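What follows is a single structure, written as structure tokens, with notes after it.
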Amino acid sequence: MVEQIKTGLAAALQKAIAGAVDKGLINPVEVPEITIEVPREKGHGDFATNLAMQLARSAKMAPRKIAEAVAENLDLAGTPVERVEIAGPGFINFYLQPGWVYGVIPLIIEQDRNYGRLEIGEGQRVQVEFVSANPTGLLHMGNARGAALGDSLASILDFAGYRVSREYYINDAGNQIENFGRSLEVRFLQQLGQDIPMPEEGYHGEDIIDTVKGYIRKYGTGLAEADAVTRRKTLAEYALQEKLTHIRNTLLDFGVVYDEWFSEQSLHDSGAIQRTLDELREKGYIYEHENALWFKATEFGDEKDEVVVRSNGIPTYFAADIAYHKNKFERGFDKVIDIWGADHHGHVNRMKGSMEALGYDRDALQIILMQLVRLYRGGEIVRMSKRTGQFVTLEELVEEVGRDAARYFFVMRSPDSHLEFDLDLAKSQTNDNPVFYIQYAHARICSILRQLQEQGRRLPNVSEINVNVLTEQAELDLLRKLADFPTEIAAAAELMAPHRIARYLHDLAGLFHSFYNSHRVITDDETLSQARLVLVDCVRIVLRNALGLLGLTAPEKM
RNA sequence: GUCCCAGUAGCUCAGCUGGAUAGAGCAACGGACUUCUAAUCCGUAGGUCAGGGGUUCGAAUCCCUUCUGGGACGCCA
């Protein structure tokens with residue numbers, strides 16, 4: 001609805017400019033894209049445009065003069081505009097008929113779960129790859145933030161009209177798997193009483209001791225007789241399966257479901273890596289130096305070139321990653337989004353450069369970098385997990401604060417900011433806790449609707465109510481916020497910024513609580529009650545839709 | 001040394017593809033429950049947008065520079 005009004009105003013302005021130019025009121029100019037914004041100050045109208053200031057330079061006229069000429073030629077028939085004012089340096093402010101926001105009520109009731117759904121994605125295919133943690137261990141806070149962020153972003157993009165696929169890249173090849181195998185072998189032999197030290201670079205986590213014990217329970221100790229290569233390979237494959245299953249379940253408990261689990265090893269097995277390297281070589285972006293093969297990343301704006309095949313003949317992680325991302329585009333995705341920890345930022349330019357080298361649009365690959373997460377408890381920073389001695393795991397976090405709180409806290413901040421995660425706050429059931437604050441708003445509305453049922457009454461149909469009785473400021477503010485929801489979805493999708501939805505939810509909940517405290521919904525005034533019942537039902541719908549996008553529940557009782 | 005991110009109220013953070021008087025939550029202080037859930041609300045106070053320079057009608061936002069914090073710079077991933 002808001003977007004429609006904006007489009008209408010922009011079109012009217014466009015015509016007005018042309019009209020003013022024809023009449024000689026304005027010097028002919030190139031008209032820039034007309035942006036209609038919502039003024040921060042209510043006193044500046046419902047919508048405004050800075051058009052006149054933008055035109056001032058090319059028209060060589062004072063902005064206010066331009067604004068006046070444009071305003072005089074505005075034909076606003078068919079728009080809800082009541083009056084137009086020129087203010088400040090040359091803003092054109094639009095004041096709408098009071099009650100224009102009532103139109104959002106039937107819209108929300110009718111569209112219900114689809115209110116806020118957009119088509120700006122135009123059905124383009126987008127892939128969001130996130131978490132992709134090494135399957136050699138447990139999920140830590142960085143992975144957790146990535147999970148919440150990636151899943152929410154995927155949901156938002158889907159809601160905005162993209163066809164979205166969630167993917168997990170399994171790093172099941174290369175050095176780390178060799179290393180993993182060696183570590184498992186050591187633990188295995190230790191179980192048999194052999195006194196072998198764990199290699200310096202090995203996996204020291206205690207979880208793999210359990211893994212090895214589990215293996216022995218199932219398959220016995222026959223591997224002790226096997227050759228080292230077989231032993232390591234067998235243990236690594238066994239452990240990988242176990243770890244992956246575990247990761248999958250942990251993420252499932254966190255509300256994350258993937259469309260695809262993509263194996264790095266499959267790129268080696270299928271020859272995709274070799275083919276990709278051949279293609280780069282044919283295009284002249286590969287050269288040999290000190291027995292290794294290098295990719296000319298510097299030709300694509302990076303600081304230095306990068307090794308793709310080591311002097312021992314084994315391709316690097318980067319080589320696999322190029323083949324992987326090429327594979328993504330070959331699968332037909334129009335846009336590919338990766339979510340990485342900020343410690344990988346050095347990898348961004350060469351990754352995008354490699355796609356450019358292969359003939360893809362480097363900007364079709366978008367990489368979101370997340371800064372670190374720091375856990376706090378009792379004002380003290382928490383570094384270690386009590387159980388594993390490693391970093392606190394996602395499972396432990398969910399166990400402690402619950403899934404909803406965890407997910408909200410991870411997406412409430414911009415990925416760019418270091419996240420201070422206050423465990424005490426996330427657990428607290430008070431107004432300090434934004435998750436409860438928001439969910440409580442939803443529960444309160446459900447409570448009102450329950451109350452209604454207990455009285456043997458029902459929620460009125462939209463066609464039965466008179467929306468014009470909703471004249472309180474708190475009501476109009478709520479309606480305006482509800483009308484803004486689709487715009488907010490568009491912004492969150494375009495800017496890839498789920499934290500905007502978190503913020504929107506908090507704002508909407510705040511407006512509702514404020515309304516709730518000053519006005520009763522169910523009163524003796526039947527007409528007013530009916531209108532307010534439908535209003536709060538609209539709030540319920542939007543809260544529930546937005547909560548859903550962040551993977552949070554919308555409780556009916558608290 | 002080079003590069004990336006951040007620096008906004010006491011604290012945690014929005015706002016950053018330039019717009020009008022810089023916002024929110026928490027903490028502080030003062031109020032509101034015989035009510036559809038007080039897990040709530042209302043009010044007060046709180047600012048050199050790290051410092052300096054520039055670009056222009058207009059800068060928290062863009063450019064340059066200095067400082068502070070975090071991170072990356074491997075034939076690891």
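Everything numeric in this text was worked out from a predicted model, so none of it was measured. No hydrogens, no waters, no symmetry mates; every other heavy atom, side chains included, goes into these values. Just so we're on the same page: letters track the sequence lines, and every chain starts at 1.
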Protein-nucleotide distance (A:F410, atom CZ; B:C13, atom C1'), rounded to Å: 17 Å
Span that lies between the C1' atom of B:A60 and that of B:A22, in whole angstrom: 7 Å
Euclidean distance for C1', B:U21 against B:C73 (whole angstrom): 46 Å
Watson-Crick or G-U counterpart of B:C33, or none if no pair lies under 3.5 Å: none
Residue pair A:E3 / A:T487, side-chain donor-acceptor N/O under 3.5 Å: yes
Side-chain H-bond candidate by donor/acceptor type, A:S132 with A:E129, under 3.5 Å: yes
Phosphate-side-chain proximity, A:R444 and B:A38, N/O vs OP1/OP2 below 4.0 Å: yes
Who pairs with B:A20 - Watson-Crick or G-U, where each distance is under 3.5 Å: none
Check: A:Y168 ring centroid to A:F130 ring centroid under 6.0 Å: no
Nearest-Å distance for atom pair CG/P, residues A:L375 and B:U12: 16 Å
Whole angstrom value for the distance that separates P of B:C36 from CZ of A:R458: 23 Å
Annotated protein contacts, base or backbone, on nucleotides 68-77 of chain B with a non-hydrogen cut-off under 4.0 Å, one of B, S, - each: --SBSS-BSB
Rounded P spacing from B:G15 to B:G7 in Å: 10 Å
C1'-based separation of B:U66 from B:G47 [nearest Å]: 23 Å
Sugar-phosphate only, base, or nothing, as touched by A:H519 at under 4.0 Å among non-hydrogen atoms: base
Distance-only side-chain donor-acceptor flag, A:D305 / A:Y287, under 3.5 Å: yes
Whole-angstrom distance between B:U44 and B:G52, as gauged at atom P: 31 Å
Residue pairs, two or more places apart or on separate chains, that pass side-chain hydrogen bond (donor to acceptor under 3.5 Å, both in side chains) and touch residues 400-413 of chain A: A:D151-A:R407, A:R377-A:E400, A:E400-A:K427, A:D404-A:Q439, A:D404-A:T553
Nearest-angstrom distance from the residue atom NE2 of A:H513 to C1' of B:A38: 11 Å
Side-chain donor/acceptor of A:N517 to backbone N/O of A:S514, under 3.5 Å: no
A:R540 CZ - B:C36 C1' separation (whole Å): 16 Å
Nearest-nucleotide comparison on RNA chain B, the residue closer to the 5′ end among A:D507 and A:F436: A:D507
Lys NZ or Arg CZ of A:R362 over A:F300 ring: under 6.0 Å, within 45°: no
Aromatic contact, A:H347 with A:F318 (centres under 6.0 Å): yes
Below 4.0 Å: OP1/OP2 of B:C41 and any side-chain N or O of A:Y437: yes
Side-chain N,O (A:S514) to OP1/OP2 (B:C42) below 4.0 Å: yes
Length of the line joining A:K481:NZ and B:G23:C1', which is rounded to integer Å: 12 Å
Nucleotide opposite B:G1 in a Watson-Crick or G-U pair, distances under 3.5 Å: B:C73
Test: A:R444 cationic atom under 6.0 Å from A:Y516 six-membered ring centre, within 45° of axis: yes
Spacing of A:R520 atom CZ relative to B:A38 atom P, expressed in whole Å: 10 Å
A:R83 NZ/CZ over A:Y95 ring centroid, <6.0 Å and within 45° of normal: yes
Partner nucleotide of B:A60 by Watson-Crick or wobble geometry (both distances under 3.5 Å): none
Interatomic distance at P, B:A77 relative to B:G18, whole Å: 41 Å
A:Y324 ring center within less than 6.0 Å of A:F262 ring center: yes
A:Y376 OH - B:C13 C1' separation (whole Å): 14 Å
Sugar-phosphate only, base, or nothing, as touched by A:A62 at under 4.0 Å among non-hydrogen atoms: nothing
Rounded distance in Å between the C1' positions of B:U2 and B:A9: 36 Å
Nucleotide opposite B:A28 in a Watson-Crick or G-U pair, distances under 3.5 Å: B:U44
Whole-Å C1' distance, B:A20 and B:G31: 34 Å
Just the table, please: protein N/O against nucleotides 14-20 of chain B N/O, every pair under 3.5 Å.
| residue | atom | partner | partner atom | Å |
| --- | --- | --- | --- | --- |
| B:A14 | OP1 | A:S414 | N | 3.0 |
| B:A14 | OP1 | A:S417 | OG | 3.2 |
| B:A14 | O2' | A:R503 | NE | 2.7 |
| B:G15 | OP1 | A:H499 | NE2 | 3.2 |
| B:G19 | N7 | A:N50 | ND2 | 2.8 |
| B:A20 | OP2 | A:R40 | NH2 | 2.4 |
| B:A20 | N6 | A:N93 | OD1 | 2.8 |
| B:A20 | N1 | A:N93 | OD1 | 3.2 |
| B:A20 | N1 | A:N93 | ND2 | 3.1 |

